[in-house]
Amino acid sequence: MNIRVILGLVQRYSLLFVRNPVRGFELVFWPAMELLVWGFLTMFIQKQTTGDFALFIRFLIGATIFWDVLFRAQMGVAISFLEDMWTRNLLNLFAAPIRLREYLAATACMGLLRVTVVVVVMSLLALGLYAFNLFDLEWSLVPFFALLMVFGFSLGMISISLILRWGQAAESLAWAVPFMIQPFSAVFYSVDTLPKVMQHVAWCLPSTYVFEGMREIVRTGAMDWNSLWIAAGINIGFLFISGAIFYWMFSNARKLGLLTKIATQ
Amino acid sequence: MAYPILRTRNLSKSFGETLAVDNLSLALRRGEILGLLGANGAGKTTAMQMMLGLIKPTSGSIEIFRLNFEQHRIHILSRINFSSTYANLPNNLTVWQNLRVFSRLYGVKRVREKAEEMMNLFDIEHLRNRISGQLSSGESTRLNLCKAFINDPELLLLDEPTASLDPDIADKVRTLINRLRKERNLSILYTSHNMRDIETICDRIIFLHNGSIIVEGSSDEIKRHFRQKSLEDVFIHIARDGKVVDPLSPEKL
């Protein structure tokens, strides 16, 4: 791994945000809107019904922020690749002395940067609007954050693989990949709400354990170590599988001439 | 005799039923400009992209600096560079930002100085803060060439570098490339549809047709061989007829 190359790539992607403030605005706009809509909806329901909704609001706000961690991490990887495809820069990039792992590391860094910005903005909004202090939960959520980021990175590699294989036609799939797993991940509800068949799929995803673990922390304040370790184990499996798929697709794209095709489309 | 900087042996590439490059064996010497000429679909760009590792050959081998390309990809890529009309630099970054980013990617030591030097060399210093996407074709070509020279390459692959340029700018670019080649003893593989480009700048020419070499030699030798007045006539003759009279032997040259 050459740090200089990784920093060069990170500089290339982050300069886009420096140059164009609209991009920075867009980065926080959607998560903020999501938080506003879900938060106010919950408050509205709370007013219309009786019962203790305080915990429910915390579940929902927490889930919204957590989901964005996964989504932004995936986007950091996928959008970086798409940026080079849109600007027809892929040939210049892959004809430069860059190892694939350096390229992936740079896109993962971009995911981390995106997540950091989004989490800070959303946490402040949640605190101001709903008195939900993410940092009340102390450091127990940090490992779950990290697990979601790693899973988002795996999903990002899968997204790039799809684009490498099917070109621009798969661009919309790159956005859709996280949403394919969203219903199974039990983001906004507990797993037992799902039908039995879907529960089997749900327990194969690291994100399910993370969201269950997050709810446990919000509910009891206690760390669900069991969920954490299982999520970590499955995450490692996903990372290897998605990495293997990416390397295989990249090699295949070189073999079939797809890399040059999508680069000049 | 010095070992060639670039050598391909029986290089072939097929995409399904289509044979894009067929048993291409060529050698490029130090300080030489070798032109790859051929009609659309002759296999020039595919051959060049294999030499950059963007396409994997079906068979055959590529050696650059006497090293096997597949085994020493990163080392080789750090010592070569390329420019193509079909590959843009990020059009949402400025000229200056692009050069800084690619300097880092190529491991250039003094990034700032090198970027300045390149902008001066290709006379785009005044465009440093301009977004690349807003450059004219000529300016964009010069920026691509800045990137291509940023790591002081020993081997340069140029894919139609003067396409879409007006004759004046094309002439300036050719002159500059030729000057830099002489100053730096640079080896260049050059593809173009512009016969003037090829005649003016190339020491040797390889004509490709349906992926294979049909003739190889200097511009004059090729014209004599096909009994044509200009390279353009040779090009049209090959593209329309495709017949090889009596191919010159690569060994002879």
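Chain letters run A, B, ... following the sequence lines, proteins first, then strands; residues in each count from 1.
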Under a 4.5 Å cutoff for heavy-atom pairs, which residue among [options] has the most contacts with chain A?
{"options": "B/I55, B/L52, B/I76, B/T58", "answer": "B/I55"}
{"options": "B/K56, B/R100, B/R79", "answer": "B/K56"}
{"options": "B/Q97, B/H75, B/K147", "answer": "B/Q97"}

Residue [X] versus chain A: region with a heavy atom under 4.5 Å:
{"X": "B/R73", "answer": "side chain"}
{"X": "B/L157", "answer": "neither"}
{"X": "B/F15", "answer": "side chain"}

Any heavy-atom pair between the side chains of B/N98 and A/R12 that's under 4.5 Å? no
Any side-chain heavy-atom pair from B/L105 and A/L93 closer than 4.5 angstrom? yes
Considering only heavy atoms and a distance below 4.5 Å, find which of [options] pairs most often with chain B.
{"options": "A/N89, A/L256, A/L258, A/V5", "value": "A/N89"}
{"options": "A/Q11, A/R99, A/E102", "value": "A/Q11"}
{"options": "A/L259, A/L7, A/I98", "value": "A/I98"}

Would you mind checking which part of A/E83 comes under 4.5 Å of any heavy atom in chain B, side chain (CB onward), backbone (N, CA, C, O), both or neither? side chain
If I measure from the heavy atoms of chain B, does A/L9 come under 4.5 Å with its side chain, its backbone, both, or neither? both
Can you tell me if [X] uses its side chain to pair, donor with acceptor, with the backbone of [Y] under 3.5 Å?
{"X": "A/R4", "Y": "B/R104", "result": "yes"}
{"X": "B/K13", "Y": "A/K255", "result": "yes"}
{"X": "A/N92", "Y": "B/N88", "result": "yes"}

Start with the C-alpha gap between B/L54 and A/L91, add the side-chain angles, then the distance that decides, and say whether side-chain contact (heavy atoms from CB on, under 4.5 Å) holds. CA-CA 7 Å; B/L54 298 166; A/L91 293 188; 3.7 Å; yes
Start with the C-alpha distance between B/L93 and A/L16, add both sets of side-chain angles, then the distance that settles side-chain contact (heavy atoms from CB on, under 4.5 Å), and finish with yes or no. CA-CA 7 Å; B/L93 298 187; A/L16 295 174; 3.8 Å; yes
Give a yes or no on this: more than 12 heavy atoms of other residues, nucleotides or ligands lie within 6.0 Å of atom CZ of A/F40. yes
May I ask you to say whether B/E70 pairs ionically with A/R254, meaning some side-chain N is under 4.0 Å from a carboxylate O? yes
